[in-house]
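Structure first, commentary second.
Proteins get letters first, then strands, A, B, ... in listed order; numbering begins at 1 in each. Hydrogens, waters and symmetry mates are skipped; everything else that's a heavy atom, side chains included, is used. A quick note: this is a predicted structure, and the numbers were derived from the prediction, not measured.
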Amino acid sequence: MASVSLRKLEKSYGSLRIVKGVDLEIADGEFVVFVGPSGCGKSTTLRMVAGLESITGGEIRIGETLVNRLPPRERDIAMVFQDYALYPHKTVRENMGFSLKVHGVASREADQRVNEAAEMLGIGHLLDRRPGQLSGGQRQRVAMGRAIVRRPKVFLFDEPLSNLDAKLRGQVRTEIKRLHQQIGTTIIYVTHDQVEAMTLADRIVILKGGDIEQVGTPDEVYNRPQSVFVGGFVGSPAMNFAKARIQSGFLTFADGNKLALSAVRAGREAGLEGRDVIVGIRPEHFGVAPDPAATLAARVQVVEPLGSDTLVHFSVGGDVLTARMPPDTRPEPGAEIRMGVDPSKINLFDAASERVIN
Amino acid sequence: MASVSLRKLEKSYGSLRIVKGVDLEIADGEFVVFVGPSGCGKSTTLRMVAGLESITGGEIRIGETLVNRLPPRERDIAMVFQDYALYPHKTVRENMGFSLKVHGVASREADQRVNEAAEMLGIGHLLDRRPGQLSGGQRQRVAMGRAIVRRPKVFLFDEPLSNLDAKLRGQVRTEIKRLHQQIGTTIIYVTHDQVEAMTLADRIVILKGGDIEQVGTPDEVYNRPQSVFVGGFVGSPAMNFAKARIQSGFLTFADGNKLALSAVRAGREAGLEGRDVIVGIRPEHFGVAPDPAATLAARVQVVEPLGSDTLVHFSVGGDVLTARMPPDTRPEPGAEIRMGVDPSKINLFDAASERVIN
Amino acid sequence: MTTTSILNAASNADRGPPAWTRWLDLGDRALGVVLLAPAAILLALIIVYPVLRLGYTSFFSLSLTSGLPAEFVGLENYSLMLEDPVFWETTWNTVLITLITVPGALLVGLALALLANLPFGVQWPVRLSLLIPWALPLSFAGLIFAWFFHSEYGVVNDVLVRLGFEGIIWFNSPNWAFAAICLTIVWKTSSFMALIILAGLQTIPRSLYEAADVDGAGRVRQFFEITLPLLKPSIVVALIFRTITALQTFDIPYMMTGGGPGTSTSTLAMYIHQNTVSFLDLGYGSALAVVMFALSMCVTAVYLRAIRTKE
Amino acid sequence: MSAVAAPGLSGLLSGRPLRFLAGAVLIVNGMFPALWILFTSLKTEAELTAKPITWVPHAPTLANYMQAFSDQPLHLFLFNSFMVALLSTCLTLLVSVLAAYALARLDLRYRGLILSLIIAVSTFPLVTLLVPLFEIMRTLNLLNTWVALVLPYTVLSLPVCTLMLVSFFEGIPRDLENAAMIDGCTRLGALFKVVVPLCAPGVFTAGILAFVNAWDEFLLALSFNSNPALRTLPVGIQLYQGEFAFPWPVISAALVVGIVPVAVLIVIFQERVVSGLTAGGIKG
Amino acid sequence: DTDLKIFVSSQHQPDVWRKVLDKYEAANPGVKVAIETGGNTSEAQAQYLNTVMSAKDTNLDVLMLDVIRPAQYAAAGWTSAFENKDMSVYLPAYAGANTVDGKVVALPAFADAMFLYYRKDLLEKYGIAPPKTWEELAAAAKKVAEGEKNPDLQGLSFQGKAIEGAVCTFLLPYWSQGKNLVENGKLTFDHDAAVTALKLWKDFVDTGVAKKNIAEVATDDTRKEFQAGSAVFAVNWSYAWTHFQGAESAVTGKVGVTRLPALGGGEQASCLGGWEWGVSAYSTHQDEAKKLVEYLSSEDVSVFMAANGSLLPTYAAAYGNNEVLKAVPWFADALQVVETAKPRPVTPRYNEVSEVIRTTVNAVLAGVTTPEDGASQIEARLKRILR
Ligand SMILES: Nc1ncnc2c1ncn2[C@@H]1O[C@H](COP(=O)(O)OP(=O)(O)OP(=O)(O)O)[C@@H](O)[C@H]1O
Ligand SMILES: Nc1ncnc2c1ncn2[C@@H]1O[C@H](COP(=O)(O)OP(=O)(O)OP(=O)(O)O)[C@@H](O)[C@H]1O
Ligand SMILES: [Mg+2]
Ligand SMILES: [Mg+2]
């Protein structure tokens, strides 16, 4: 177990800058989740921490030691590769037991740990197969198992559950949480799954094009996004954005829809008069509105029933917004409705900088 | 475009039966989504349709022609492989353009189609890279692009978006839907993503251990699961199950909690008296209850805030159930609460057969 | 996952791999030196030193049969070469053999490899017959084929005659003799090619063919779009060494025709051998060897560029 | 192996009859001379010079084999050849695997140069190096030892094996190696535990190349090991030949005896040269 | 005491030589002699010895050399000369072959020469006497051929392949015209004689006396063919005789042997073979080695080897020796041949000379070059070598 700190971490391929000076302090035993658009440098960062990619600039410390030049095996980390990287010539058991063998763990204990992990991942019956004989999800679980049989200083998980079905993913997710609570190893975890990010993370790191966009607890990240990007990226369906201007105490949309600023930012209305803003509203914050003041005139566009909820896409001014409604709401497409909104949940961003307005 | 029909489709590896006589008629232009636990035979089925796996038993027809012995290239299908299988020595452009080149599409048109697809997938700037220089998600998008540049009889997608972030996945999803509406090609689509399944599918096929468990429209599958398995598998968080017995018109739980059967199955109470049942309730159907009769005495166990909602895990009798509540509900763990439920939404399954009771 | 197992796990982790392996955690450069050292030493000992000696000798007039002491003559040996008709003839023959047998062996070898790569029920007879030609000692291969092509006792003529053709006195005419030699070389060396290419074939992931199949590529297409490009490294390797050995062609003509009729089929290597081993004209022989070396280097330089571009 | 299609051009011939044909072609091409030697070894000298020539021996006789073993200590030749070949094969593989790895995976500044050098050295005809080599061996006091042959033979096969392995190592996905290093292997650990097994086809092929190279070499063996007890097969086989006489049947017998071990070796190892080793390892 | 190592060509009864050496060791306590063999053809041995000697290896003390090599070895300074050795005791040809500009560089081990073998039975059948000239031979061959009507029966078999034998093939008719190739180191090439010589053989091929593929024929092929009964005449060394009498032979008892014919008007000439003993210049036991060689080339040994190894003696008297005649009666006829046999040119650069001649003969017989051009080529290239 150890802390991990990235200082001005840089990675370039030739002239192409992939990671642009990432600064991040991960406390000992912390569970940090990286999220970000595909290609933003998550895996690369992970691989640099693991020592698999040369570092173009900056430094990485695990615990107190500077590991920039340390070979992977000396860093004592376990990793789940995004592309599995299973040993095709070894059986599942051998794949999972390999590191233990290398570290000279007594074979009886090794077996036991492998079996435990395999059971927990539901691949106990596949232990004698070769990777080539496994399904995608099974391979991914083997990759997972290969990491969790170990007790390293740091766990690195790169989208470890992406090929599992929701149910299984849920189970494994809770197992990981339990594991972390039990042995409290530092974990860096890359995922595209909102639920995983929200439930597992102590802190979520949002990367964008090789830069850190925001770092914070799941709650902060979700409810107080620092930028339009974060707001739009975290949460699914994504946060809605609409242009508006602040006129005489009202949030005024292009089509004349109005919301009382006081309701939106009780006590923090000062100095906003006349500003162009971007209004961010989460889909679940539409719907039954406590007071009629907080409603918007809207025209229903598309209705998507998801079973658990129904997504209603409607237009306000130029922008198409999405509301998440109870499963059995079925408004008529084309219908003119008044869509309620919870003003207190509204986020305001500066139209120019796209940064949040506090 | 063509229909696809699987008749008694079988696949075994040695003595191991993987696909156990699947019967399925897919209409011309239909969009069918396969879901099922990892390792249940989805990919195998797809690969048999593609002609990449020998068929152990049964037959596959595309349009009218029996294709059992037809090599893949004569089946005129396009496929996204679960493990991409990109050509490592070709650039992204060449990877995507290969099939067009093979089919002798004029290079100008080919280029145009490749560029369109690349743009739609957001990999336009990577066209001259080799797969080895791409991120996981970028590779997956190339694999996707390689398929959608084509105009085949049938599209086969094997978890094509699993490595993309929620936002991108949403975009590509809508693109796929548009594509399908435009060219109306038959599509078989494997996914683990609830939203994809619900939004894209004309029909969802739930596979379990090589058998079809249920086939139906998203709505049917979600709201009228034929078995405990389907109920539990579709929807996330999963449907809750609790044991109960039907006594004197009441649904009675182990701990004495009661629900009026009349409320649950208005008009369909007959002949259920005394039966042991499994009660299936979806997390979103807990909460504000219209009438106080429909409430359960429960003890709060764990509270998981997801941002968009809060998951409340509580115990009723022996079983731990999960409710999806509005984001800002924050009950005290350990607190005794009365949890409302919408009785009309409750599903009843036979305790023994685990099949639905109609 | 009991706490105990965690504890001793930790201790295990600390133990780590054996300590002596730590010196292997060198930077690329250093590790490179360590790894290349054995090869370097061997090569230096067995080749480089002798070669330097060779180059040195090539500037001396050192003919043991002349009874004279070695005398520095600068480039005289080389200038002698220029007006030595046999040198030109043998060089020409060598080049010709290379030009004919290298592509020949490549094509045949490729074909053999592809055939051998078929999913046969029993593999070993195929693999065996693929390798036997290679396993047959060169000099004897020469003798055996000399015998096959023998105008009276040879199978080749026997078959020709049975097929109603006129038997050919192969070694009476430069051209036929040359043909016979090339045929033999191709036969003998194509299996070397096949060997390397087959091994290359084995490592091409099946999934690529599946993808190509789905993309609608026919077999031939797949061959040119997937197999060939991915075989390129193996092929280049095979080509390089086949070419080098072709330029060194010795045993087969030596055994089959002894260079005859006349000197019409003798190669540079044979001429070098003659000058050094039998004429004991070490000076001249060395000069010839140096020229041959230069020749081979030029050729391999071309291939090496091919490798480079691969990166 | 799915019955649907054999990879690549081979697939053209995946039909049974065609495959049979292909097999026939291969076997005839490869086996004919070998069979011819076998037949010859069963003929008498007289039958050999008979006209028209006979293919299958009329009166097969094992006399030639008897003679082969009685005239010369053939078993001794076999033993020497085998030991020399074996030793040099192992040495070659070890050295070339290390070198190949360095060239394939490390970023070395003079990679290209080193490659060319390795190739360059192999462009010298051994004949021309005979005398200096002899002197080296004498000064190292190695004449009439196995080592005297093992070293040069190793060098003989080193370049080709190295280059071959380089191309194979480059074909192995780096992430497999990375995984091994994460699992606690040193680079060499990863090399020998993961990369080499995955390159089995290449490694065994290299091995066979090296073995055969050593098994067949004549000139050095003749010059460096004059002690009859240390003669190798090719030299030994020459001994059946007289100043003028070339007793084909006996020599054929000896040849057959000489080829069998190699054949056996091939049959044993070809099983290892199986495809699809890397299937399922990597997603991408 | 001293250990000597002698190199014996393994095709010449090393085991019999061993007996001789045992005797010597018995007679000279303290001297141990070990035999080393390597390669089984003159070429193979040369290859081996050349390597060893160029490397100045002290390991070998005594070398058995093909008659064509002493000059070369002497020039290379590989053999040490014998002071004041009286060579007259040997057959004159060998005295010559082992003396290089006045120095005795080696002592003869045993003799050999080329003979004309003929089918006694056939010649008698057609009442022909063994030919004295090549013309007679050609005529005889024709006659027999017409009589026998056997397509497989060729008139004459000789060596046309580019091997050492082909040199003799050229020299036989050349010498027969009284010409020499080299006289004390100087080239004395007679163009016309050469043309005649080459034409002779070419005509044999063209007129069908010899077979079309003669350019493929090596020494032992001649032996095999004659032994298989498919040739009336054969030019070959002495070793062939034993084979003709052997079990596998089709011509046992039907073989006659005699001097090689002459060209019309010329004298009969044969080609001298045989092997010599030299002492390695790098030997560390010069005196012991020379002493040993003296013994090995003594008359007793020569007789012993004749009787037990059927190697032709190098002493005229030995041919009359009863012991010898009892063992190998035909040696009686051999003396005359060996006496008149001529040594191939004695020059340090003999190998080159040989190379030139053999390839040209081969080319002419294959019909690639005409006798005239052949002769000119030989002349030109020999000039270059022996300048
Ligand atoms: N070559 C093989 N030999 C034996 N079993 C195999 C082989 N290939 C696949 N299987 C098994 O077949 C079953 C179905 O595999 P398949 O890939 O179809 O699963 P899947 O539904 O695609 O799962 P996933 O969602 O994880 O991709 C798996 O349990 C797998 O273990
Ligand atoms: N060898 C390379 N040469 C050039 N660019 C590369 C190379 N490898 C990766 N990249 C680029 O680096 C960027 C970051 O890659 P990385 O794998 O870290 O993305 P990621 O965040 O893991 O994305 P994903 O979620 O899709 O896995 C990508 O845009 C990719 O194109
Ligand atoms: Mg990634
Ligand atoms: Mg799958």
Side-chain angles (χ1 to χ4, degrees), chain A residues 13 35-44 82-84 122-123 126 133-141 158-159 162-170 192-195 198-199 218-219 221-223 232-238 282-285 304-309 311 324 326-327 345, chain B residues 13 35-44 82-83 122-123 126 133-141 158-159 162-170 192-195 198-199 218-219 221-223 232-238 282-285 304-309 311 324 326-328 345:
Chain A
Y13 290 101
V35 298
S38 172
C40 68
K42 304 182 293 296
S43 300
T44 309
Q82 187 170 11
D83 58 6
Y84 313 159
I123 49 175
L126 303 173
Q133 304 173 306
L134 298 181
S135 80
Q138 290 164 335
R139 286 176 197 171
Q140 192 167 39
R141 282 177 277 167
D158 197 345
E159 304 186 27
S162 55
N163 287 81
L164 304 187
D165 56 89
K167 198 170 169 200
L168 188 55
R169 196 182 299 159
H192 287 314
D193 182 297
Q194 299 289 338
V195 183
M198 298 303 281
T199 52
D219 177 60
V221 170
Y222 190 85
N223 295 317
F233 187 80
V234 179
S236 136
R282 294 225 175 259
E284 62 270 20
H285 295 148
E304 277 189 311
L306 297 186
S308 56
D309 334 75
L311 297 184
R324 202 183 76 190
K345 292 287 192 317
Chain B
Y13 290 102
V35 298
S38 171
C40 68
K42 302 183 293 296
S43 301
T44 308
Q82 188 169 13
D83 56 7
I123 49 176
L126 303 173
Q133 303 174 305
L134 298 180
S135 80
Q138 290 164 335
R139 287 178 199 175
Q140 191 167 40
R141 283 177 277 167
D158 197 347
E159 304 184 28
S162 55
N163 287 83
L164 304 186
D165 56 88
K167 197 171 171 197
L168 187 56
R169 194 181 302 161
H192 287 313
D193 182 298
Q194 299 288 338
V195 182
M198 299 302 280
T199 52
D219 175 61
V221 169
Y222 190 85
N223 295 318
F233 188 80
V234 179
S236 137
R282 294 226 175 257
E284 62 270 20
H285 296 147
E304 277 189 311
L306 297 186
S308 56
D309 334 74
L311 297 185
R324 202 182 75 190
D328 35 19
K345 291 288 190 316

>> Quick check for you: among A:T44, A:D158, A:L134, A:L164, which has the greatest number of heavy-atom pairs under 4.5 Å with chain B?
In response: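 Maximum pair count with chain B is reached by A:L164.
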Practice item. Name the member of A:G137, A:S162, A:S43 that forms the most heavy-atom pairs with chain B at distances under 4.5 Å. Key: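 Going by pairs under 4.5 Å, I would pick A:S162.
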Could you look at [X] and say if it's the side chain, the backbone, both or neither that has a heavy atom under 4.5 Å from chain B?
| X | answer |
| --- | --- |
| A:Q138 | both |
| A:A166 | both |
| A:P218 | neither |
| A:P326 | neither |
| A:S308 | both |

>> To check you understand the geometry: which heavy-atom pair defines the closest contact between B:P327 and A:E284, and what is its length?
In response: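 That closest heavy-atom pairing would be CG-CG, 4.2 Å.
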Side chain, backbone, both or neither: which part of B:K345 has a heavy atom under 4.5 Å from chain A?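 The answer is the side chain of B:K345.
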Looking only at atom types and distance, does a side-chain atom of A:Y222 sit under 3.5 Å from a main-chain N or O of B:L306, one as donor and one as acceptor?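 Side chain of A:Y222 to backbone of B:L306: no pair is present.
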- Query: Is it true that a side-chain atom of A:D165 and a backbone atom of B:H192 form a donor plus acceptor pair closer than 3.5 Å?
  - Reply: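 It does not hold such a pair.
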Notebook entry, point to check: What residue in B:R324, B:Q133, B:R282 has the most heavy-atom pairs under 4.5 Å with chain A?
Noted result: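 Of the candidates given, the most pairs with chain A belong to B:R324.
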**Message:** Is there a side-chain contact (heavy atoms from CB on, under 4.5 Å) between B:S135 and A:S38? Walk through the geometry before answering.
**Reply:** CA-CA 7 Å; B:S135 80; A:S38 172; 3.7 Å; yes
